[in-house]
Amino acid sequence: MKSFKLSRAKVLLTVCGLLTAAPLPAAAQGTDALPSPAHDCQAYSGIPAGFGPASKKAANRAGLIAIPGGRFLMGSDEGYPEEKPVHAVEVQAFQIDQHEVTNAQFAQFVAATGYLTQAERVPQFPPHVQVPEQYRLPGSAVFTPPAAQHDHDPHEGHSQHASTPPSSYNWWVWVPGANWRHPGGPDTTLNGRDNHPVVHIAYEDARAYAHWLGRDLATEEQWEFAARGGLEAASYPWGNTPELRGRLMANTWQGNFPTKNLVRDGYEGTAPVGCFPANNYGLWDAVGNVWEWTRSEWRPNHESLTSKRLIEAATDAKGNPATGVIKGGSFLCAANFCVRYRPASRQPQETTVSTQHVGFRTVLNTTEAP
């Protein structure tokens, strides 16, 4: 597989986060009952009943769950700097995809519309931007772990040292031919992955799919409200501990990132949607598995007195990409590198960049009964 290293500037917008874990709040506790999957995630086809394009009169509602409106405390004063300050937010009732959008769902959209994702097109750069010729080939960013070195994890994940990963971010490479159909590069396929979340999705790809259904992407506020599942100030959608009574609750990286993945959760990469317990609102994979696009423009912290701007176009008049907010963390988030598999966590992402660990889900902004 021929591949090319990404520039550091672009990598900083696609990797999981800062180099050290931040302290986490220890306030609210999760519910005592241990949640369990409501269906066999391995057998799920990836297509909810009734799925299809919007009609002229109504949006398609397949796979949506209702999220009640309410007021909540957004952000965290004890996490990463960009999560501050905690502030009260009012959210109107809306509906959201119960699962992350799957390969099977996205394939139906493409079959119906002929849509080409950004990763499948010849890249377009503003005239003033100079890039090597190899970056002008259609492709996307693929995770390629460096050779294992400086491993300080002798206890197989039970008592890890917080070793610091290499600072070169050399685990991301630009792979021509990598896209949603070929998530690991041109020699990989979607065989057996219909029910996995679709990846290598840029912002405009996600919005095009959402509009086909008569829907949109969530704002950062909506996304975080839904992911919290009603647990006020809790660190995770299930409470305040990374695991719940010894059970792994999300698809993340176990071990020292990026050289050693212990795969304790059973998935080296993405997992089929719904394989980890849903939160109290019935939202599956609220954190972990893949990062998810929102419609909110990135700002370095929460400005509680100023409404966030929403991204209406992926690029400005000069062709420069906007920077949006992605939420939820991914299968590449690890305790020694990225503790962003939490509802409060947020990350900047260039709207024109796609990677192997970014997907999305959609919302329907209506208070009508489903």
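Just so it is clear, the structure is predicted and the values come from calculations on it, not from any experiment. Starting from 1, each residue takes its place in the sequence as its number.
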Residues two or more places apart in sequence or in another chain: which of them pass side-chain contact (heavy atoms from CB on, under 4.5 Å) with [X]?
X	result
Ala178	Ser140, Val142, Val175, His200
Asn60	Phe51, Ala62, Leu213, Arg215
Ala286	Ala227, Pro237, Asn279, Leu283

Please tell me if the side chains of [X] and [Y] come closer than 4.5 Å, counting only heavy atoms from C-beta onward.
X	Y	answer
Trp171	Pro145	no
Arg61	Thr366	yes
Cys338	Gln347	no
Phe360	Asp97	no
Tyr236	Tyr341	yes
Glu204	Thr351	no
Val339	Ser345	no
Phe276	Tyr267	yes

Quick one: side-chain hydrogen bond (donor to acceptor under 3.5 Å, both in side chains) partners of [X], sequence neighbours excluded?
X	value
Arg71	none
Asn289	Glu100, Asn251
Gln108	none
Glu243	Arg264

Quick check: is [Y] connected to [X] through a chain of hydrophobic side chains (ILVMFWY, heavy atoms under 4.5 Å apart)?
X	Y	answer
Val325	Val199	no
Val363	Phe72	yes
Val290	Leu332	no
Tyr80	Val287	yes
Tyr115	Leu217	yes

- Query: In terms of ring plane angle, is the pair Phe94 and Phe225 parallel, tilted or perpendicular, where the classes change at 30° and 60°?
  - Reply: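 Ring orientation of Phe94 relative to Phe225: tilted.
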
Which atoms form the tightest heavy-atom contact between [X] and [Y], and what is the distance?
X	Y	value
Trp291	Ser330	CD1-CB, 3.6 Å
Glu350	Pro321	OE1-CG, 3.7 Å
Gly79	Ser76	N-OG, 3.2 Å
Tyr281	Gly229	CD1-CA, 3.5 Å
Trp293	Ala202	NE1-C, 3.7 Å
Arg228	Pro343	CG-CB, 3.6 Å

Using modelled atom types only, decide if a donor and an acceptor are shared between the side chain of [X] and the backbone of [Y] within a distance under 3.5 Å.
X	Y	answer
Asp265	Thr252	yes
Gln95	Leu364	no
Asn179	Glu120	no
Tyr203	Ile311	yes
Asn195	Cys41	yes
Trp172	Thr355	no

Going by ring pair (Phe, Tyr, Trp, His ring centres under 6.0 Å), name the residues that satisfy it together with Phe106, two or more places apart in sequence or in a different chain.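 Testing Phe106 for ring pair (Phe, Tyr, Trp, His ring centres under 6.0 Å), a comparison that skips the adjacent residues, returns Phe109, Trp180, Tyr209.
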
Who passes ring pair (Phe, Tyr, Trp, His ring centres under 6.0 Å) against Trp253, sequence neighbours left out?
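Listed in chain order: Phe143, Phe257.
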
Stepwise side-chain contact (heavy atoms from CB on, under 4.5 Å) test for Arg193 and Thr270
CA-CA 9 Å; Arg193 301 174 66 87; Thr270 59; 2.8 Å; yes

*Taking only residues at least two apart or on different chains, which pairs with a member in residues 276-285 satisfy salt bridge (charged side-chain N to carboxylate O under 4.0 Å, His left out)?*
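Salt bridge (charged side-chain N to carboxylate O under 4.0 Å, His left out) check on residues 276-285 returns no pairs.
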
- prompt: Tell me, which pairs form a salt bridge (charged side-chain N to carboxylate O under 4.0 Å, His left out) where one or both residues lie in residues 311-328, sequence neighbours left out?
  reply: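 Of all non-adjacent pairs touching residues 311-328, those that pass salt bridge (charged side-chain N to carboxylate O under 4.0 Å, His left out) are Arg207-Glu312, Glu220-Lys327, Glu224-Lys327, Arg295-Glu312.
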
Distance from [X] atom [atom1] to [Y] atom [atom2], nearest 0.5 Å?
X	Y	atom1	atom2	value
Asn256	Leu262	CG	CG	8.0 Å
His196	Cys275	NE2	SG	7.5 Å
His211	Asp216	NE2	CG	4.5 Å
Asn301	Lys84	CG	NZ	10.0 Å
Ile96	Glu292	CD1	CD	7.0 Å

For Leu64 and Gln98, what are the C-alpha separation, side-chain angles and deciding distance, and is it a side-chain contact (heavy atoms from CB on, under 4.5 Å)?
-> CA-CA 6 Å; Leu64 295 174; Gln98 187 173 26; over 6 Å; no

| query | Looking at Val273, Val101, Asn103, Val358, which hits side chain to side chain contact (heavy atoms under 4.5 Å, CB included) with Pro197? | reply |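 By the side chain to side chain contact (heavy atoms under 4.5 Å, CB included) criterion, Pro197 pairs with just one of Val273, Val101, Asn103, Val358: Val273.
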
Glu83 and its side chain to side chain donor-acceptor pair (under 3.5 Å) partner, picked from His302, Arg342, Arg340:
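Exactly one option meets the side chain to side chain donor-acceptor pair (under 3.5 Å) with Glu83, and it is Arg342.
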
Task: Basic-acidic side-chain contact under 4.0 Å: Arg346, Glu82 - done: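 No, no charged N to carboxylate O under 4.0 Å.
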
Suppose clustering is done on Ile, Leu, Val, Met, Phe, Trp and Tyr with side-chain heavy atoms closer than 4.5 Å. Which residues sit in the same group as Val263?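 None, because no other hydrophobic side chain comes under 4.5 Å of this residue.
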
Is a side-chain donor-acceptor pair under 3.5 Å present for Arg181 with Thr117?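 Per modelled atom types, Thr117 and Arg181 side chains form no pair under 3.5 Å.
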
